[in-house]
Amino acid sequence: MRLVLLGAPGSGKGTQAQRMQVRHGVPQVSTGDLLREAVAAGTQLGRAAHIVMQAGGLVADDIMLGIIRERLARSDAARGFILDGFPRTQAQADGLAALLKSLGTPLDTVVLLEIDPEVLLRRVAGRRSCRRCGRVFHIETNPPRPGERCADGKEHDLFQRPDDNEATVRQRLAVYCERTQPLIEHYARLGLLRRIDANGTLDDVDTRLEAAIATD
Ligand code: AMP
């Protein structure tokens with residue numbers, strides 16, 4: 001399975017990708033997570049990316065393509081992947097297509113998660129991630145279950161992403177409309193696009209997502 005999840009920030013790409021990777025045995029490849037790891041590690045890339053991310057902008061295409069090239073070369077991606085947050089620009093989509101062509105492994109499907117703007121803002125406002133295991137929760141709709149812990153047995157340590165504040169979210173949405181939304185038409189033209197309603201419960205969206213990829 002070689003899948004791209006497309007959608008606005010807060011549309012549920014990361015949460016659904018985390019659930020799907022378990023079921024399908026292919027890794028979630030989240031460029032946001034890879035960048036946050038670089039920020040936490042304090043690498044040169046991390047320091048540069050941090051400034052862009054805090055402002056709600058996009059990290060340069062050539063850097064992102066380098067990150068993806070390295071990540072997809074790892075053995076766990078040989079059977080496929082779920083791309084979450086990449087591509088975000090036409091140049092990234094073109095670079096990805098060229099990379100996958102050279103590997104002889106084209107994309108199977110691009111699923112667009114469509115969501116009402118009010119739902120989206122509520123989702124982002126309540127989103128929390130575990131500092132330790134990286135799982136994404138929502139304080140109202142998807143909190144950790146009582147007693148639930150990380151895989152290493154320690155308690156989840158939830159935090160709010162610094163770029164989930166209102167001003168940065170507005171900027172991220174504007175960037176999405178301008179730079180990423182054109183990819184919907186691009187993938188529709190290629191016959192790869194499936195659209196799903198991403199409002200509703202996690203399980204509802206999950207069911208729609210599985211149905212969308214099952215029609216391939
Ligand atoms: P995400 O976790 O997908 O919401 O990404 C968080 C932030 O990381 C974004 O707002 C961007 O600043 C940066 N980022 C993630 N993926 C990309 C990408 N494919 N291209 C450029 N910047 C990205």
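Each residue takes its place number in the sequence, starting with 1. Worth knowing before you read on, the calculation uses all heavy atoms, side chains too, and leaves out hydrogens, waters and symmetry mates. Atoms within each ligand, like the ligands themselves, are counted from 1 in listed order.
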K.L.:
Compare His50, Arg172, Arg127, Arg88 and give the one whose heavy atom is closest to atom 5 (O) of ligand 1.
P.N.:
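Selected option, by shortest heavy-atom distance: Arg88.
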K.L.:
Taking only heavy atoms of Thr31, which atoms of ligand 1 are found under 4.0 Å from at least one of them?
P.N.:
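Answer, ordered by atom number: 15 (C), 16 (N), 17 (C), 19 (N).
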K.L.:
Give the residue and atom name of whichever protein heavy atom lies nearest to atom 12 (O) of ligand 1, and the separation in Å to one decimal.
P.N.:
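Going by distance alone, atom 12 (O) of ligand 1 is nearest to Gly57 O, 2.6 Å.
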K.L.:
Take Asp61 and Thr89, measure what side chain to side chain donor-acceptor pair (under 3.5 Å) needs, and give me the verdict at the end.
P.N.:
CA-CA 8 Å; Asp61 290 331; Thr89 66; 2.9 Å; yes
K.L.:
Quick one: which ligand 1 atoms are inside 4.0 Å of a heavy atom on Gln92?
P.N.:
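Every atom of ligand 1 under 4.0 Å from some heavy atom of Gln92: 18 (C), 19 (N), 20 (N), 21 (C).
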K.L.:
Could you tell me which atoms of ligand 1, counted from 1 in the order shown, lie closer than 4.0 angstrom to a heavy atom of Arg36?
P.N.:
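Answer for ligand 1: 2 (O), 6 (C).
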K.L.:
Of all the non-hydrogen atoms in the protein, which one sits nearest to atom 22 (N) of ligand 1, and at what distance?
P.N.:
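Sorting protein heavy atoms by distance from atom 22 (N) of ligand 1 puts Val59 N, 3.1 Å first.
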K.L.:
With a cutoff of 4.0 Å, is Lys13 in contact with ligand 1, counting heavy atoms of the residue only?
P.N.:
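False for this residue.
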K.L.:
Has ligand 1 got any nitrogen or oxygen that is less than 3.5 angstrom from a nitrogen or oxygen of Pro87?
P.N.:
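For ligand 1, there is no N or O atom that lies under 3.5 Å from one belonging to Pro87.
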K.L.:
Which atoms form the tightest heavy-atom contact between Ala198 and Ile115, and what is the distance?
P.N.:
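That closest heavy-atom pairing would be O-CD1, 4.0 Å.
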K.L.:
Once you restrict to heavy atoms under 4.0 Å, what part of Met64 touches ligand 1? Side chain, backbone, both or neither.
P.N.:
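Within the 4.0 Å criterion, Met64 contacts ligand 1 through side-chain atoms alone.
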K.L.:
Heavy-atom distances under 4.0 Å are what count here, so tell me which part of Asp163 touches ligand 1: side chain, backbone, both or neither.
P.N.:
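For Asp163, the contact with ligand 1 is made by the side chain alone.
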K.L.:
Give the atoms of ligand 1, by number and element, whose distance to some non-hydrogen atom of Leu35 is under 4.0 Å.
P.N.:
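Atoms satisfying the 4.0 Å criterion: 8 (O), 13 (C), 14 (N), 15 (C), 23 (C).
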K.L.:
Please answer whether the main-chain N or O of Glu140 pairs with a side-chain N or O of His138 as donor and acceptor at a distance below 3.5 Å.
P.N.:
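Checking the backbone N and O of Glu140 against the side chain of His138, a donor-acceptor pair under 3.5 Å is found.
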K.L.:
If the contact criterion is a heavy-atom separation under 4.0 Å, does Pro9 count as touching ligand 1?
P.N.:
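No, that is not the case, since the closest heavy atom of the residue is not under 4.0 Å from the ligand.
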